[in-house]
Amino acid sequence: MKIIQVYQKLLKNYGLQGWWPLNNKYCPDNHKLELSKGEIFEISIGAILTQNTSWNNANTALNNLREKKLLTPKNILNADNELLTNCVKPAGYYNQKINYLKNFTKFFQKLKRAPGRMELLKIKGIGKETADSILLYAYKQPNFIVDAYTKRFFTRLGIIKGKNNYEEIKKLVEEKLPRKYELFQEFHALIVEHAKKHYSRKPYGLTDSLFNPDFQ
DNA sequence: TTCCAGGCAATAC
DNA sequence: GTATTGCATGGA
């Protein structure tokens, strides 16, 4: 099956996902909206908080920060450390994440334009997936995000085999699909939605009735 | 109780 | 360059 067909099948089955959730809401018309600087910051902070953590846990932390008025660059950097820690705690890895948040925020404060991927990757705490999440959802750059779900799902479909690294998988998708951010946003969100149901527990994909002909 | 979540950096080989 | 390990909360 071609990659574009995988996307079409997911879209037909689940519909538009409207990522990234902002202020506890998904935005189906996110594609058209011009994001404010505050919204760009919130998406970026959320991308860091959700590293290897469920969105539910990350979102609790995000709401804590919002409640304490810490969802602005200035206030995060001036925040009392104990307060910041308590806000971030539900997201897990809080000792690391409060520093990751500060590192990104210092970078963000000086930013006058959309960041480059390389610049983001230099920040301690921003790896490939987080950088691509920020670029794709906050800055609407056509970067495909590769995550653990994507690797499992594509492996199961036979799209990738064995030891593909992040950049190879990313390139594969970006070269085979129209380079539009709207498409990459929806595709990634759809993969996560589908994979949550069928690729969370080993053996991965055993219940994947949508893509396994044995179930049809 | 065990397993896993929208990873990353440091370290070891 | 690839493999392993520590980081941590909360839900299923």
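All chains are named by letter (A, B, ...) in the order of the sequence lines, taking the proteins before the strands, and each is independently numbered beginning at 1.
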Pair [X] + [Y]: basic N to acidic O under 4.0 Å:
| X | Y | value |
| --- | --- | --- |
| Glu119(A) | Arg113(A) | yes |
| Glu167(A) | Lys171(A) | no |
| Glu42(A) | Arg66(A) | yes |

Calculate the interatomic distance between [X] atom [atom1] and [N] atom [atom2]; express it in whole Å.
| X | N | atom1 | atom2 | result |
| --- | --- | --- | --- | --- |
| Phe104(A) | dG7(B) | CZ | C1' | 16 Å |
| Asn59(A) | dT9(C) | CG | C1' | 14 Å |
| Tyr149(A) | dC4(B) | OH | P | 11 Å |
| Leu120(A) | dC8(B) | CG | C1' | 14 Å |
| Trp55(A) | dC4(B) | CH2 | C1' | 18 Å |
| Arg152(A) | dC4(B) | CZ | C1' | 8 Å |
| Tyr199(A) | dA12(C) | OH | C1' | 20 Å |
| Leu62(A) | dA5(B) | CG | P | 21 Å |

Q | Between dT11(B) and dA8(C) - P atom distance, rounded Å | A | 16 Å
Q.
Which residues in residues 79-96 of chain A have a heavy atom closer than 4.0 Å to any atom of DNA chain C?
A. Lys89(A), Pro90(A), Gly92(A), Tyr93(A), Tyr94(A), Asn95(A), Gln96(A)
Q) Distance-only, no hydrogens or angles: does the Asn75(A) side chain make a donor-acceptor pair with backbone N or O of Lys69(A) under 3.5 Å? A) yes
(Q) Apply side chain to side chain contact (heavy atoms under 4.5 Å, CB included) to residues Gln141(A) and Asp132(A) and explain how you reach the verdict. (A) CA-CA 9 Å; Gln141(A) 308 285 319; Asp132(A) 287 332; over 6 Å; no
Q. Pick from Tyr149(A), Phe153(A), Phe211(A), Phe154(A): which one makes a ring pair (Phe, Tyr, Trp, His ring centres under 6.0 Å) with Tyr199(A)?
A. Phe153(A)
**Q.** Given DNA chain B, 5'-ward residue of the pair Lys196(A) and Ile123(A), judged by closest heavy atom
**A.** Lys196(A)
(Q) Both Arg201(A) and Lys97(A) contact DNA chain C. Which one's nearest nucleotide lies toward the 5' end? (A) Lys97(A)
Q. For Asn212(A) and His198(A), does a side-chain donor sit closer than 3.5 Å to a side-chain acceptor?
A. no
Anything under 3.5 Å between a protein N or O and an N or O of nucleotides 10-13 of chain B, put it in a table, one pair a line.
unit_1	atom_1	unit_2	atom_2	d
dA10(B)	OP1	Lys124(A)	NZ	3.3

